Colleague: 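Sharing a structure here in structure tokens format.
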Amino acid sequence: MSPFNKNVSTLLLLAFFIIVTNFSMNAKADEFVVHNNATRTSPLNVTCGNSDGDFPSFYVDYGDKHPFEIEDASLNINCFFRWTGVIHKFQIYDNGRDQCVTCNWNIIPDGPCFQDELRGGEQCYPWYS
Ligand SMILES: *[C@@H]1O[C@H](CO)[C@@H](O)[C@H](O)[C@H]1NC(C)=O
Ligand SMILES: *[C@@H]1O[C@H](CO)[C@@H](O)[C@H](O)[C@H]1NC(C)=O
């Protein structure tokens, strides 16, 4: 390979990596959807917030879902999930753990389950408390 061709391939490779990196950096979380598969007896009460403050709290009926949008995907999000007699805590967004643009969480009694579109599966976690 001539030195010229070698440089061109290096440049093409570099351009390719820049495009790939840009694409994955743009795939930022911008919406969360909370599904209630946890409680029939009372609606699921969800209160979330990040280091900028609390988001408006909402209710989700059993079998239903509630979406909300976020402004800043660099901030992690903590939530409280309340229904009859219980209060659970979980971090529904950890920018190191979760890869999503629309982040779907199915809330079951044992904890929240992340619908992992990238790796094509469901990842369930225990409640923090
Ligand atoms: C909700 O829970 C029921 C009972 O465990 C299960 O059959 C159903 O598939 C769940 N729905 C979702 C969307 O996970
Ligand atoms: C959910 O519960 C909290 C704590 O009791 C309350 O402050 C909040 O208003 C409730 N959310 C809704 C939508 O009523």
Side-chain angles (χ1 to χ4, degrees):
M1 206 183 254
S2 76
F4 176 75
N5 277 345
K6 203 172 175 187
N7 281 342
V8 169
S9 339
T10 308
L11 275 179
L12 281 177
L13 204 62
L14 190 66
F16 176 75
F17 278 115
I18 289 170
I19 290 164
V20 169
T21 309
N22 255 333
F23 178 78
S24 39
M25 279 167 63
N26 285 336
K28 284 189 298 199
D30 68 10
E31 188 187 32
F32 283 77
V33 184
V34 177
H35 300 253
N36 174 7
N37 208 12
T39 163
R40 287 174 191 275
T41 49
S42 66
L44 176 67
N45 167 311
V46 186
T47 312
C48 303
N50 61 19
S51 55
D52 270 351
D54 285 346
F55 305 155
S57 148
F58 56 87
Y59 280 119
V60 199
D61 287 328
Y62 186 79
D64 211 351
K65 62 181 189 230
H66 181 98
F68 67 92
E69 288 183 3
I70 60 162
E71 302 291 326
D72 188 345
S74 70
L75 304 178
N76 293 334
I77 302 170
N78 280 293
C79 299
F80 288 102
F81 298 87
R82 296 177 169 89
W83 66 90
T84 30
V86 299
I87 303 177
H88 288 301
K89 196 179 173 187
F90 189 74
Q91 185 174 332
I92 63 157
Y93 186 56
D94 175 330
N95 56 28
R97 179 193 65 195
D98 309 323
Q99 295 278 305
C100 48
V101 176
T102 296
C103 310
N104 275 287
W105 286 92
N106 184 20
I107 310 302
I108 63 170
D110 292 343
C113 296
F114 180 62
Q115 310 304 302
D116 198 332
E117 286 147 22
L118 271 177
R119 279 157 286 196
E122 187 177 60
Q123 177 70 54
C124 294
Y125 299 91
W127 297 114
Y128 293 165
S129 61

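Quick caveat, the model's predicted, so the values are computed rather than measured. We count ligands from 1, going down the list as the structure has it; atoms in each ligand are counted the same way.
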Colleague: For a quick test of your reading: what N or O donor-acceptor pairs under 3.5 Å do the side chains of residues 76-87 make, sequence neighbours left out?
Modeller:
{"from": "Asn76", "atom 1": "OD1", "to": "Asn95", "atom 2": "N", "distance (Å)": "2.9"}
{"from": "Thr84", "atom 1": "OG1", "to": "Thr41", "atom 2": "OG1", "distance (Å)": "3.1"}

Colleague: Please identify each residue that fulfils ring pair (Phe, Tyr, Trp, His ring centres under 6.0 Å) with Tyr93, with sequence neighbours left out.
Modeller: Phe32

Colleague: Just one of Glu31, His35, Gln115 clears the side-chain hydrogen bond (donor to acceptor under 3.5 Å, both in side chains) bar with Asn104, so which one?
Modeller: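 Exactly one candidate clears the test, His35.
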
Colleague: Let me have the donor-acceptor pairs involving side chains of residues 44-53, under 3.5 Å, with sequence neighbours excluded, atom names and distances please.
Modeller:
{"from": "Asn45", "atom 1": "OD1", "to": "Thr47", "atom 2": "OG1", "distance (Å)": "3.4"}
{"from": "Asn50", "atom 1": "OD1", "to": "Asp52", "atom 2": "N", "distance (Å)": "2.8"}
{"from": "Asn50", "atom 1": "OD1", "to": "Gly53", "atom 2": "N", "distance (Å)": "3.4"}

Colleague: Find all protein N or O atoms under 3.5 angstrom from an N or O atom of ligand 2 and list the pairs with distances, or write 'none'.
Modeller:
{"from": "ligand 2", "atom 1": "2 (O)", "to": "Asn45", "atom 2": "OD1", "distance (Å)": "3.2"}
{"from": "ligand 2", "atom 1": "2 (O)", "to": "Asn45", "atom 2": "ND2", "distance (Å)": "2.3"}
{"from": "ligand 2", "atom 1": "11 (N)", "to": "Asn45", "atom 2": "ND2", "distance (Å)": "3.0"}
{"from": "ligand 2", "atom 1": "11 (N)", "to": "Ser57", "atom 2": "OG", "distance (Å)": "2.6"}
{"from": "ligand 2", "atom 1": "14 (O)", "to": "Tyr59", "atom 2": "OH", "distance (Å)": "3.4"}

Colleague: Between Arg119 and Phe114, is NZ or CZ placed under 6.0 angstrom from the six-membered ring centre and within 45° of the ring axis?
Modeller: no

Colleague: Crowded around Arg97 CZ? As in, over 12 foreign heavy atoms under 6.0 Å?
Modeller: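 It does: Arg97 CZ has more than 12 such atoms within range.
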
